[in-house]
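See structure below.
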Number of protein chains: 2
Amino acid sequence: MNPRLPDLRDRSDARRPKGRPRSHEAHVAILKAALSEVHELGFRALSIDSLSVKSGIAKTTIYRRWPNKAAVVMDAFFYEIGPGIAFVPCEKSVDSIQIQMQALAKAFRGKFGPLIKALLGEAQFDPELAEAFRDRWIAPRREAAKAVIRDAIGKEELRSDIDLDTTIDALYGGLYYRLLIGAGPLSQAYVDDLFRHVMGGLRPRSRKGSRQA
Amino acid sequence: MNPRLPDLRDRSDARRPKGRPRSHEAHVAILKAALSEVHELGFRALSIDSLSVKSGIAKTTIYRRWPNKAAVVMDAFFYEIGPGIAFVPCEKSVDSIQIQMQALAKAFRGKFGPLIKALLGEAQFDPELAEAFRDRWIAPRREAAKAVIRDAIGKEELRSDIDLDTTIDALYGGLYYRLLIGAGPLSQAYVDDLFRHVMGGLRPRSRKGSRQA
DNA sequence: ATACAAATACGATACGGAAAGGATCGTTAA
DNA sequence: TTAACGATCCTTTCCGTATCGTATTTGTAT
């Protein structure tokens, strides 16, 4: 996983290894080929051979850097998504959460949906891929979410007795559920609904049926 | 998908087709071989060839009945799980929901976890499999859940303004999330936590910090 | 009833193709 | 000198199809 890119930062103390360095152009060419193949033909139709043809990079070179096609596509995914879907600060922290949920759903609906589906699908059979996906995609987002949730608790926008992990699961589980199982659209309205349901709870609040946004 | 079994119920009006009927023994032998292979070696290591060897049934016969190994494993899954995880009626309908969530999580933790992971993983690349899984596994359970939720609403255990589908997603999304992503255990405590969070909501209830089960 | 034909499943085998993944080796860039 | 690159070859595995003789059922004629 995580192939070492040639270290282009020339820190004078960090000595370059002796031989011919790995080609950065080759690296990018492969990732771009992987993206176009997975978008046009799908993950299953992609093979290291087809990648080699499309990118013009020898198959052996690809195998020198990645153990399998899933690892390539994973790197391609992060190459394309860059810093990813971040939380934008809002006056109310819960708004920040809702907006981020909408952003994630939008990514799921768009070109990243098939990529994440493919990676998670493959991860069901490849523990290393699963771990890498958790470390590189899931965990950072969960950490960011926890910070926002803590803020929200501090501002008394959320209960003080909630568990952070469970809260994240309750909010985001539905999004991944719909992405992976497809039992319903990932529409904007759905995300708002899900957010409202989890925020407000399912139990009757009081005698006066007050519905909160 | 769904290969026709020889109709052993001899309804006198339902005429048997002319030729040699399909062997029920062969059918069961294949499903059992599929189960043992997927449990022992995993879905990826399973192939139609290995299935043929293990079951003693010719490869051609398997291909006559199923289009690919995923379809075999899907039938094997339903063969093993039988009627599946049902809702048991309780005095309070919400208890029935919580108990069913625990049962599902237990199945995920047990021998059905790998099976469902494999089927859903494969479904990310096979739209027909995905649809079949939704139709045969997801949809019936959601329908059953809806009935219970409607009951609960009728008994004023749940708010009257909730959306059934969104409610189900909020409750069960986290379970599938943990099964498929593995970001945390599917423990009994977790299920109770998730249930409590979704039921009670995340927003502060009142000035008195009353925590409800 | 018995014999035979038609229909269909089964088993065995062979085949072509795709892809994985490794090995070799001459070439190229530091 | 060192290590990456590209080209090529190779074995293995599996897929999915095709062929063909055998076995088991139903329908029909005797």
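Lettering of chains follows the sequences in order, A, B, ..., and the numbering in each one begins at 1.
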Problem set entry | Rounded interatomic separation in angstrom, taking CD1 from Ile62(B) and C1' from dA9(C) | 14 Å
For this session: Check the pair Lys146(B) / Asp151(B) against salt bridge (Lys or Arg N to Asp or Glu O under 4.0 Å), numbers first and verdict last.
Result: CA-CA 8 Å; Lys146(B) 283 183 188 176; Asp151(B) 275 357; over 6 Å; no
For this session: Confirm from the modelled atom types if Arg20(A) and dT2(D) form a donor-acceptor pair under 3.5 Å, side chain to base only.
Result: no
For this session: Tell me which of Lys18(B) and Ala45(B) sits closer to the 5' end of DNA chain D, going by the nucleotide each one is nearest to.
Result: Ala45(B)
For this session: Check whether any side-chain N or O of Ser96(B) sits under 3.5 Å from a backbone N or O of Phe87(B) as a donor-acceptor pair, and report yes or no.
Result: no
Exercise. Is a salt bridge present between Arg44(A) and Asp126(B), judged by a nitrogen-to-oxygen distance below 4.0 Å?
Worked result: no
For this session: Scan residues 51-61 of chain B against DNA chain C and write down, sorted by residue number, each residue with any heavy atom closer than 4.0 Å; if none is found, say none.
Result: Ile57(B), Ala58(B), Thr60(B), Thr61(B)
Seminar exercise, completed: Separation of dC14(D) atom P from Leu41(B) atom CG, nearest Å, is 11 Å
Problem set entry | Between dT24(D) (P) and Glu25(B) (CD): distance, integer Å | 12 Å
Problem set entry | Side chains of Tyr190(A) and Asp169(B), donor plus acceptor under 3.5 Å | yes
Exercise. Do the side-chain N or O atoms of Arg65(B) get closer than 4.0 angstrom to the phosphate oxygens (OP1, OP2) of dC10(C)?
Worked result: yes
Problem set entry | Minimal non-hydrogen separation, Lys54(A) against Ser36(A), with atom names | CE-OG, 3.0 Å
For this session: Let me know the distance between NZ of Lys69(A) and P of dA18(C), rounded to the nearest Å.
Result: 15 Å
Exercise. Are Asp192(B) and Gln98(B) side-chain neighbours, meaning at least one heavy-atom pair lies under 4.5 Å?
Worked result: yes
Seminar exercise, completed: To the nearest angstrom, the CG-P distance between Leu46(B) and dC15(D) comes to 8 Å
Exercise. Rounding to a whole Å, what distance do you find between Arg22(B):CZ and dA7(C):C1'?
Worked result: 14 Å
Exercise. DNA chain D: Gly19(B) or Gly19(A), which has the more 5' nearest nucleotide?
Worked result: Gly19(A)
For this session: Decide yes or no, distance alone: a donor-acceptor N/O pair under 3.5 angstrom between the base of dA9(C) and the side-chain of Arg64(B).
Result: no
Exercise. Any salt bridge between Lys69(B) and Glu122(B), counting N to O under 4.0 Å?
Worked result: no
Exercise. What's the OH-C1' distance between Tyr63(A) and dG6(D), to the nearest Å?
Worked result: 16 Å
Exercise. Atom NE2 of His27(A) and atom P of dC5(D): how far apart are they, to the nearest Å?
Worked result: 11 Å
